[in-house]
Amino acid sequence: MVKWSGERFLELVQEINSGKGYALEGVLPSEEYPHYDISGAPAVWVAESVFDGCSEAECREVLEAFISGELPCGTELGGELAKLLAKRGHCVAELVEPLIAGRDWSSFENDFFLLGYLACMSGGDVAVCRLVEVVPEDFRDGLFVAALAMDSERVDDCLANKFLEWNRDRLWTPTATGELGWLGAFLKKWLRVYGCHGPRVQELVKVYFECL
């Protein structure tokens, strides 16, 4: 968990991203940055984020850099920023909403972590159900971050059907892409919210364990 000091917040994130002794998967504090404690980020499908303690100003600063492309991201940092967008993306709504509306999300040139913002966007549930049809496999993390954060039966139903559909496709590789971890996260949510009754839940649980 990051202990914020404010003024060097963006610099720290850039250091993490540049690989100069920092990684989100577990780093001890260094003499160079004695005020920061980075003990590791949770998995992308875990709700908690290393950015949970940031102020509104810090949140906007890092998200502006991310959205503008000044802060290129690897998988770990991108996942954390997607969670930040899902929780507090309202502070950059005027920047990210035009990007989401204007991009071809079937293209591999996009930064798909931006789709975490859909969790706090008006009509985000409709957008998730539409975009899950076009976003390529291995690029759905931002979309999944948004869906997991939503309280939407429509989204849950859509994703349950998609996981079953993907499982029928021989080319689906959920262990290689990490989507099996997402299926596990969604199953935990759905079992908590809807219970374990019904053939679809049972089939999804079977898919999960057969893919392990």
Side-chain angles (χ1 to χ4, degrees), residues 1-101 103 110-122 124-125 127-128 139-152 155 178 181-182 185 188-189:
M1 186 66 66
V2 176
K3 295 179 180 177
W4 305 103
S5 71
E7 61 193 62
R8 298 189 71 185
F9 168 75
L10 187 56
E11 181 182 351
L12 171 65
V13 174
Q14 291 169 335
E15 288 290 319
I16 294 171
N17 195 57
S18 69
K20 296 180 180 178
Y22 289 87
L24 286 176
E25 292 183 342
V27 182
L28 296 175
S30 70
E31 294 181 1
E32 185 178 1
Y33 295 104
H35 303 297
Y36 297 110
D37 176 15
I38 306 173
S39 57
V44 67
W45 46 76
V46 175
E48 291 75 17
S49 167
V50 296
F51 293 113
D52 284 345
C54 69
S55 69
E56 193 75 2
E58 290 167 334
C59 173
R60 184 173 179 89
E61 183 179 18
V62 71
L63 288 178
E64 284 181 347
F66 173 45
I67 293 166
S68 68
E70 296 174 10
L71 186 63
C73 300
T75 302
E76 292 85 2
L77 182 54
E80 295 302 301
L81 290 168
K83 287 189 277 187
L84 182 59
L85 279 168
K87 295 177 181 180
R88 302 172 67 180
H90 59 274
C91 69
V92 289
E94 77 284 1
L95 300 177
V96 71
E97 289 194 11
L99 294 179
I100 289 177
R103 290 190 177 180
N110 288 305
D111 195 330
F112 293 90
F113 291 112
L114 290 173
L115 294 176
Y117 174 77
L118 295 175
C120 62
M121 187 179 84
S122 177
D125 57 339
V128 167
F139 293 88
R140 294 190 276 245
D141 287 316
L143 198 62
F144 288 152
V145 165
L148 194 63
M150 289 179 172
D151 181 17
S152 169
V155 168
W182 279 113
K188 287 181 181 179
K189 174 185 177 181

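With sequence neighbours excluded, the residues that form a side chain to side chain contact (heavy atoms under 4.5 Å, CB included) with Ala93 are Glu97, Tyr117. In this structure, the salt bridge (charged side-chain N to carboxylate O under 4.0 Å, His left out) partners of Arg60, at least two apart in sequence or on a different chain, are Glu64, Glu94. Take Glu56 and apply the side chain to side chain contact (heavy atoms under 4.5 Å, CB included) test, not counting sequence neighbours, and it matches Arg88, His90, Cys91.
Leu114 contributes atom CG, which lies 6.5 Å from atom CD1 of Ile100 (distance to the nearest 0.5 angstrom). In this structure, the separation between CZ on Phe139 and CG on Leu115 is 12.5 Å, given to the nearest 0.5 Å. Here the CG atom belonging to Leu77 is positioned 5.0 Å from the CZ atom belonging to Phe51, to the nearest 0.5 angstrom. Note that the CG atom of Asp141 and the CG atom of Leu148 stand 11.5 Å from one another [nearest 0.5 Å].
Closest heavy-atom contact between Pro98 and Leu95: CD-O, 3.6 Å. Taking every heavy atom of both residues into account, Ala86 and Ala149 meet most closely at CB-CB, 4.3 Å. Contact detail for Arg103 and Asn110: the closest heavy-atom pair is CD-OD1, 3.0 Å. When every heavy atom of Cys59 is checked against every heavy atom of Cys54, the shortest pair comes out as CB-SG, 3.7 Å.
With hydrogens and angles disregarded, a donor-acceptor distance shorter than 3.5 Å links the side chain of Lys87 to the backbone of Ala47. With Lys83 contributing its side chain and Val145 its backbone, the two residues share no donor-acceptor pair below 3.5 Å.
When side chains are defined from C-beta on, Met150 counts as touching Leu118, because their heavy atoms get closer than 4.5 Å.
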Go through it in stages, so that I can follow the logic: the residues are Leu84 and Phe113, the test is side-chain contact (heavy atoms from CB on, under 4.5 Å), and I'd like the CA-CA distance, side-chain angles, deciding distance and then a yes or no. CA-CA 10 Å; Leu84 182 59; Phe113 291 112; over 6 Å; no

